[in-house]
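Only one structure is covered here, and it is reproduced in the block below.
If you read the sequence from its start, that first residue is 1, and numbering goes on from there. It should be emphasised that the depicted structure is a prediction, and the values quoted were computed from it without experimental measurement.
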Amino acid sequence: MTDYLQVSTTADSREVAMRLVRSVVGTRLAASGQVLGPVRSVFWHGGELGEGEEWRVLLRTTADRYPELEARLRDEHPWTNPEITFTRIDGGAAPYLEWLRATTE
């Protein structure tokens with residue numbers, strides 16, 4: 001059985017977020033992606049509390065493709081240490097999950 005993942009990251013602009021999505025979906029590291037935002041955020045950076053506006057990127061992929069997807073996001077992201085996390089997709093419509101698997105092979 002294939003493990004399915006939803007991967008997320010953030011970016012400081014819509015343009016950067018869209019560039020990241022186009023890159024990983026275009027190379028089939030992810031089957032699809034969405035850019036949401038802007039969203040307001042509060043965070044720690046360089047030892048100081050910050051507040052700003054970010055764009056959220058959501059991607060769907062498989063566990064097999066995740067290492068390469070993470071590497072590409074790290075390589076193409078303008079931030080030194082971008083937030084990149086994933087959650088497992090524990091279920092879903094069988095035809096969709098099959099499409100996700102086939103699209104990322």
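Between the OG1 atom in Thr61 and the CG atom in Leu100 there is a gap of 6.5 Å [rounded to 0.5 Å]. For the atom pair Ser32 OG and Gln6 CD, the distance stands at 9.0 Å (nearest 0.5 Å). If you take CG on Leu29 and OG1 on Thr62, they are separated by 9.5 Å, rounding to the nearest 0.5 Å. Here OH of Tyr4 is found 6.0 Å from CD of Glu98. Values are rounded to the nearest 0.5 Å. Separating the CZ atom in Arg65 from the CD atom in Glu70 is a distance of 14.0 Å, to the nearest 0.5 Å. To the nearest 0.5 angstrom, Asp3 atom CG is 11.0 Å from Leu97 atom CG.
Gln34 meets the side-chain contact (heavy atoms from CB on, under 4.5 Å) test with Leu58, Arg60; sequence neighbours excluded. Under the side chain to side chain donor-acceptor pair (under 3.5 Å) criterion, Glu105 pairs with Arg101, not counting sequence neighbours.
Here the closest heavy-atom approach between residue Asp64 and residue Pro67 is recorded as O-CD, 3.7 Å. Taking every heavy atom of both residues into account, Thr104 and Ala30 meet most closely at CG2-C, 3.7 Å. Between Trp79 and Pro82, the shortest heavy-atom distance links the atoms O-CD, 3.4 Å. Contact record, Val35 with Ala17: CG1-CB, 3.7 Å, taken as the closest heavy-atom pair.
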- What do the steps show when you test Ile84 against Arg74 for side chain to side chain contact (heavy atoms under 4.5 Å, CB included), and what is the final call? CA-CA 8 Å; Ile84 302 171; Arg74 287 178 161 288; 3.8 Å; yes

- Check the pair Leu5 / Thr87 against side chain to side chain contact (heavy atoms under 4.5 Å, CB included), numbers first and verdict last. CA-CA 6 Å; Leu5 307 176; Thr87 55; over 6 Å; no

- Leu36 and Val57: side chain to side chain contact (heavy atoms under 4.5 Å, CB included), yes or no, with the steps? CA-CA 6 Å; Leu36 308 157; Val57 175; over 6 Å; no

- Take Trp55 and Val16 through the test side chain to side chain contact (heavy atoms under 4.5 Å, CB included) and record every step on the way to the result. CA-CA 9 Å; Trp55 295 79; Val16 169; over 6 Å; no

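Inspection of the Thr9 and Glu83 side chains reveals no N or O donor paired with an N or O acceptor under 3.5 Å. Using a 3.5 Å distance cut-off with no hydrogens or angles, the side chains of Thr103 and Arg28 do not pair a donor with an acceptor. In this structure, a donor-acceptor pair under 3.5 Å is present between the side chains of Ser8 and Thr85.
Between Arg72 and Ser23 there is a side-chain heavy-atom pair separated by less than 4.5 Å.
Classified by interplanar angle (parallel below 30°, tilted 30° to 60°, perpendicular above 60°), the ring pair Tyr96/Trp99 is tilted.
With salt bridges taken as basic N to acidic carboxylate O contacts below 4.0 Å, none links Arg19 and Glu76.
Under the 4.5 Å side-chain heavy-atom criterion for grouping Ile, Leu, Val, Met, Phe, Trp and Tyr, Ile89 is not connected to Leu59 through any hydrophobic cluster. Phe43 is not connected to Leu49 by any chain of hydrophobic side-chain contacts under 4.5 Å among Ile, Leu, Val, Met, Phe, Trp and Tyr, and they are in different clusters.
At least one donor-acceptor pair under 3.5 Å links the side chain of His77 to the backbone N or O of Thr10.
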